Chemist: 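Questions regarding the structure given below will be posed in turn.
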Amino acid sequence: MTIEIASENRAHGGRQLVVSHASESTSTEMRFSIFLPPQAEAGGKLPVVWFLSGLTCSPMNVTEKGEYRAACAELGLIFVAPDTSPRGENVPTDSSGGWDFGLGAGFYVDATEEPFARHYRMWSYVTEELPALVASEFPADMGRQGITGHSMGGHGALTVALRNLGRFRSVSAFAPIVAPSQVAWGTKALGGYLGSDEAAWRPHDAVALIEDGARVSDLLVDVGTDDPFLDSQLRPDLLEQACVDAGIPLTLRRQPGYDHSYYFISTFMAEHLRWHSERLR
Ligand SMILES: N[C@@H](CCC(=O)N[C@@H](CS)C(=O)NCC(=O)O)C(=O)O
């Protein structure tokens with residue numbers, strides 16, 4: 001595996017990198033960002049927190065606006081932010097020009113429908129290829145991984161954690177899409193990438209996964225009460241009910257006055273990182 005450091009900046013005593021590499025999963029070049037806290041320079045391996053981003057995002061949104069570095073430097077956490085879709089001239093996108101499907105909107109699934117099946121393999125990318133690459137190139141302790149994400153990336157974090165119990169010792173989300181099968185963003189994406197048979201959607205729907213018996217040990221979720229997508233696309237009420245029914249300890253915080261933006265995410269980022277750090281010791 002060859003990686004190229006696209007940029008490197010000193011920050012909070014550590015190193016903020018943007019890395020590019022040829023991806024076998026997506027058959028494209030992929031970029032991700034990784035923050036190595038100052039503790040990485042001592043030589044040991046450090047716990048990793050994955051951040052999966054939302055619709056329209058590249059790794060740079062959270063890197064520039066997520067305000068995670070001070071807490072990661074204090075807690076000794078590596079922070080990795082993958083991209084949200086394959087990109088490039090040959091990569092098909094939403095034929096209707098929407099921003100909620102195609103480029104920037106891979107939904108963390110391996111597409112089976114044409115013309116998306118060749119490149120849109122974000123499930124394999126974030127669950128297999130990128131973890132293997134991070135483990136081989138950086139001082140990451142893969143026995144201590146946590147995962148979080150925002151909106152579509154919150155959906156990704158929940159589904160990846162629910163299907164990989166044992167790999168992730170901590171999971172949280174900011175304004176996640178919890179039941180894509182039941183909302184417009186999700187039905188468009190899952191239908192477009194996986195086809196119309198809704199049985200194929202269930203492994204990519206956190207609420208359905210919980211109904212079907214998947215579990216995590218506990219869960220922290222923040223949503224903003226002024227998030228314009230709260231009742232139409234995110235539906236934290238459905239996650240709340242599923243967790244009650246399944247006996248999953250969910251800490252769901254409805255943060256008054258906060259919206260869907262990185263102003264909201266950055267406000268609660270350090271608290272999420274502390275939640276992860278406590279479970280990754
Ligand atoms: N572009 C959409 C909004 C999409 C959106 O809010 N995306 C969220 C993730 S679901 C985001 O993080 N956007 C990038 C940013 O705020 O930096 C619109 O115009 O309404």
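Just so it is clear, the structure is predicted and the values come from calculations on it, not from any experiment. Heavy-atom basis, side chains included; hydrogens, waters and symmetry copies ignored. Note that ligands are numbered from 1 as they come in the structure, with each ligand's atoms numbered from 1 the same way.
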Chemist: Decide side chain to side chain contact (heavy atoms under 4.5 Å, CB included) for Phe107 and Leu55; before the verdict, give the C-alpha distance in whole Å, the side-chain angles of both, and the deciding distance to 0.1 Å.
Modeler: CA-CA 8 Å; Phe107 257 85; Leu55 292 167; 3.9 Å; yes
Chemist: Give me the residue, atom name and distance of the protein heavy atom closest to atom 5 (C) of ligand 1.
Modeler: Leu55 O, 4.2 Å
Chemist: For ligand 1, find out whether one of its N or O atoms is nearer than 3.5 Å to an N or O atom of Lys65.
Modeler: yes
Chemist: Does Ser181 form a side chain to side chain donor-acceptor pair (under 3.5 Å) with Asp205? I'd like the steps, not just the answer.
Modeler: CA-CA 6 Å; Ser181 313; Asp205 181 308; 2.6 Å; yes
Chemist: Hey, does Leu209 have a side-chain heavy atom less than 4.5 Å from the side chain of Leu158?
Modeler: no
Chemist: Please state which part of Met152 comes within less than 4.0 Å of ligand 1, counting heavy atoms only: side chain, backbone, both or neither.
Modeler: neither
Chemist: Any idea which atoms of ligand 1 are less than 4.0 Å away from a heavy-atom of Ser151?
Modeler: 10 (S)
Chemist: Using the benzene-type ring in the case of Trp, are the ring centres of His272 and Tyr68 under 6.0 Å apart?
Modeler: no
Chemist: Return the closest protein heavy atom for atom 6 (O) of ligand 1 as residue, atom name and distance.
Modeler: His260 CD2, 3.7 Å
Chemist: Counting each atom of ligand 1 from 1 as listed, which ones have a heavy atom of Tyr262 under 4.0 Å away?
Modeler: 12 (O), 15 (C), 16 (O), 17 (O)
Chemist: Is it true that atom CG of Asp218 has more than 12 heavy atoms of other residues, nucleotides or ligands lying nearer than 6.0 Å?
Modeler: yes
Chemist: Going by the order shown, which atoms of ligand 1 are within less than 4.0 Å of some heavy atom of Asn61?
Modeler: 14 (C), 15 (C), 17 (O)
Chemist: Determine, step by step, whether Gln241 and Asp237 satisfy the side chain to side chain contact (heavy atoms under 4.5 Å, CB included) criterion, reporting the C-alpha distance in whole Å, the side-chain angles of both residues, the deciding distance to 0.1 Å, and the verdict.
Modeler: CA-CA 6 Å; Gln241 189 59 52; Asp237 52 303; over 6 Å; no
Chemist: Just which atoms of ligand 1 are under 4.0 Å from any heavy atom in Thr56?
Modeler: 1 (N), 7 (N), 13 (N), 14 (C)
Chemist: Looking at Glu8, I want to see if its CD is surrounded by more than 12 non-hydrogen atoms of other residues, nucleotides or ligands under 6.0 Å.
Modeler: yes
Chemist: Closest non-hydrogen protein atom to atom 3 (C) of ligand 1, residue and atom name please, with distance?
Modeler: Trp99 CH2, 3.9 Å
Chemist: Contact between ligand 1 and Cys57 is defined here as a heavy atom of the residue under 4.0 Å from a ligand atom; is it met?
Modeler: yes
